Asks: 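Quick one: the structure is below, questions incoming.
Everything numeric in this text was worked out from a predicted model, so none of it was measured. Computed over heavy atoms, backbone and side chain alike; hydrogens, waters and symmetry mates excluded.
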Amino acid sequence: MRAGAAQWGTRVLLASAVAMGKAAGAAAPDSCVDCHAVLTGNLETPVRGMKEDVHARHGLSCADCHGGDPTETGLEAMAPERGYLGKPARAAVPDFCARCHSDPETMRRFNPSLPTGQRERYWTSVHGKRLRLGDGKVATCIDCHGVHGILEGKRADSPVHPTNVPRTCGRCHSDPEYMREYEIPTDQEARYRRSVHGELLFEKRDLSAPACNTCHDNHGASPPGVTSIAEVCGLCHANNASLFVSSPHKRAFDELGLPECVTCHGNHEIHRTSDTMLGVGAGSPCTECHAVDAPGYRAAEKMRDAIERLKAALRATQARLEEAERAGMEMGDARYEFHAAETALIRARTEVHRFSPEALYEVIQPGLEFAERTQKAADAAVEEAWARRRNLIFPIGVIVALMTLLRLKLRQLERARAERHGEARESPGLAGSREKAREDPP
């Protein structure tokens with residue numbers, strides 16, 4: 001009795017909603033939207049979300065995903081014989097979305113730039129494999145992209161925008177209670193935010209900086225077929241990866257089962273590299289594997305010493321160049337050569353991934369030669385500046401002496417002129433005294 005009453009009430013509500021939609025002059029009848037727009041709670045949420053949804057922007061509506069007949073009123077709109085699918089089971093979500101997203105013809109009509117192999121890649125991922133085993137907690141399409149109100153990835157408020165990806169993945173992977181049964185760390189997001197990659201993404205807003213999906217893939221969630229993490233790191237750090245492959249560490253790492261890049265650099269909390277990582281001092285990972293008397297230990301020492309020699313040469317040359325420029329000398333050509341020496345240091349810091357002191361010397365030696373030539377040019381410029389100053393001393397001394405003599409002469413003339421004026425003022429008084437003396441004889 002209660003079920004019949006509820007069904008009757010729903011029919012009345014649907015009919016009323018459709019009538020309201022028609023009265024409002026709707027362009028095309030859509031009983032799904034008309035009904036859910038006047039409902040409350042979770043039943044109204046889909047219509048509210050579809051206002052910003054990327055599918056709605058392309059003209060798609062409820063029935064395009066859920067089936068049914070939006071031109072029909074009442075519960076007939078959701079009849080199975082009218083193709084109504086309703087809410088898919090969680091395990092069916094990838095195939096549900098793939099009805100369009102795996103169809104090249106369909107996607108070509110709406111967005112040809114989107115790939116159509118997401119479903120196949122998803123099934124190769126840990127998420128997909130566990131979903132097929134009945135694990136309903138793993139992420140599916142809707143956990144990352146949303147359900148109703150799916151936004152384009154380029155929008156800053158989209159959960160799959162580059163700056164939001166770590167938080168989106170972290171909704172599950174940063175929740176210790178949710179991840180308890182999987183026995184994997186839950187600090188990856190926090191560590192990533194402290195990394196150089198996180199700094200680039202969040203502080204400098206560099207959208208090309210790698211996030212979770214850059215290394216773990218989007219839908220594959222751990223790139224299928226990748227045997228080494230170095231293959232992933234090498235997508236960006238190609239030079240470093242190729243040098244490592246030719247190094248003696250490649251074979252050693254393979255034999256020991258060590259992950260290549262992350263053994264020295266870490267994985268999620270990757271900090272900005274520095275020269276302290278090379279050598280045998282504090283902060284160097286070299287000493288974690290190489291004992292003091294091992295060839296690798298000595299090689300690390302030699303490579304660090306070579307780097308420091310080039311850095312010292314660059315510092316000395318830079319100081320000399322600045323001194324020449326402060327002296328007013330034009331050092332454009334020398335600066336150009338100095339740039340070549342700086343470039344050698346950059347190359348050397350990459351070359352260390354070959355882990356060969358001899359190969360490193362081949363890169364550093366030209367840098368030392370560039371620095372030496374630049375410093376000689378700066379030395380010559382400083383000497384020329386001092387020579388110019390010395391050559392100016394005699395002319396300036398003569399000029400100062402002449403100016404001093406001229407000043408003395410001017411003062412002499414002024415005193416003479418003052419004396420003449422003084423005598424002129426005295427002469428009338430002297431004449432009166434002499435006249436009086438003649439009138440009054442003794």
Side-chain angles (χ1 to χ4, degrees), residues 1-112 114 116 118-119 122 131 136 139-153 155 157-160 219:
M1 186 74 177
R2 266 182 208 172
Q7 187 178 35
W8 179 84
T10 303
R11 287 175 179 270
V12 171
L13 185 58
L14 281 167
S16 301
V18 173
M20 290 170 62
K22 290 180 178 179
D30 193 333
S31 60
C32 308
V33 175
D34 294 336
C35 176
H36 282 270
V38 296
L39 298 176
T40 58
N42 291 335
L43 294 176
E44 184 263 343
T45 300
V47 175
R48 185 171 66 248
M50 289 296 286
K51 294 177 182 179
E52 295 290 329
D53 190 272
V54 63
H55 300 103
R57 290 180 57 243
H58 285 289
L60 302 175
S61 189
C62 312
D64 292 292
C65 292
H66 296 284
D69 185 357
T71 64
E72 188 63 64
T73 61
L75 295 178
E76 288 81 4
M78 297 184 290
E81 59 269 20
R82 294 184 181 273
Y84 182 68
L85 301 174
K87 179 182 178 180
R90 186 167 181 79
V93 167
D95 289 330
F96 187 86
C97 298
R99 291 177 304 155
C100 292
H101 282 275
S102 290
D103 183 0
E105 291 299 323
T106 299
M107 296 309 298
R108 188 175 294 116
R109 292 167 46 205
F110 298 106
N111 189 346
L114 285 180
T116 55
Q118 297 100 319
R119 175 177 56 180
Y122 175 80
L131 184 67
T140 66
C141 316
I142 59 177
D143 295 294
C144 301
H145 294 278
V147 184
H148 305 100
I150 297 174
L151 306 176
E152 288 185 276
R155 285 185 48 156
D157 53 347
S158 167
V160 294
H219 302 91

Asks: How far apart are the closest heavy atoms of S158 and L151, and which atoms are they?
Replies: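 Of all heavy-atom pairs spanning S158 and L151, the closest is OG-O, 3.7 Å.
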Asks: Rounded to the nearest 0.5 Å, what separates atom NE2 in H145 from atom CD1 in I150?
Replies: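 So the NE2 of H145 and the CD1 of I150 are separated by 8.0 Å.
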Asks: Going from SG on C100 to CD on E105, what distance comes out if it is rounded to the nearest 0.5 angstrom?
Replies: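 That separation rounds to 13.0 Å.
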Asks: Which pair of heavy atoms, one from V33 and one from C62, lies closest together, and at what distance?
Replies: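 The pair with the smallest heavy-atom distance is CG2-SG, 4.1 Å.
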Asks: Would a distance-only check, ignoring hydrogens and angles, find a side-chain to backbone donor-acceptor pair under 3.5 Å from T116 to H101?
Replies: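 Answer holds: no.
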Asks: Would you compute the distance between atom OH of Y84 and atom SG of C32 and round it to the nearest 0.5 angstrom?
Replies: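 Going from the OH atom of Y84 to the SG atom of C32 covers 8.0 Å.
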Asks: Donor-acceptor pair, distance only, cut-off 3.5 Å: does the side chain of S61 make one with the backbone of A63?
Replies: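 Here the side-chain-to-backbone pair does not exist.
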Asks: Starting from the C-alpha separation in whole Å, work towards a yes-or-no answer on side chain to side chain contact (heavy atoms under 4.5 Å, CB included) for H58 and H55.
Replies: CA-CA 5 Å; H58 285 289; H55 300 103; 5.9 Å; no
Asks: For residues P159 and C144, report the shortest heavy-atom separation together with the two atoms involved.
Replies: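 That would be CG-O, 3.3 Å.
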Asks: V54 and side-chain contact (heavy atoms from CB on, under 4.5 Å): which partner among E52, R57, M50?
Replies: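 For V54, the side-chain contact (heavy atoms from CB on, under 4.5 Å) check succeeds only for R57.
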Asks: Closest heavy-atom contact between R99 and D64?
Replies: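 Between these two residues, the closest heavy atoms are NH2-O, 4.2 Å.
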Asks: Residues in side chain to side chain contact (heavy atoms under 4.5 Å, CB included) with R82, at least two apart?
Replies: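 Listed in chain order: D69, E72, E76, A79.
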Asks: Between T140 and D143, is a side-chain hydrogen bond (donor to acceptor under 3.5 Å, both in side chains) present by the stated rule, with each step listed?
Replies: CA-CA 6 Å; T140 66; D143 295 294; 3.2 Å; yes
Asks: Counting only heavy atoms not in D157, do more than 12 sit closer than 6.0 Å to its CG atom?
Replies: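 Enclosed: over 12 neighbouring heavy atoms sit under 6.0 Å from CG of D157.
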Asks: By the definition side-chain contact (heavy atoms from CB on, under 4.5 Å), identify the one residue from K87, H66, R119 that meets it with F96.
Replies: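 Between F96 and the candidates, side-chain contact (heavy atoms from CB on, under 4.5 Å) is satisfied uniquely by H66.
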Asks: To check you understand the geometry: which heavy-atom pair defines the closest contact between P94 and A91, and what is its length?
Replies: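 Residues P94 and A91, closest heavy atoms: CD-O, 3.8 Å.
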Asks: Which pair of heavy atoms, one from V93 and one from P88, lies closest together, and at what distance?
Replies: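 Of all heavy-atom pairs spanning V93 and P88, the closest is CG2-CG, 4.3 Å.
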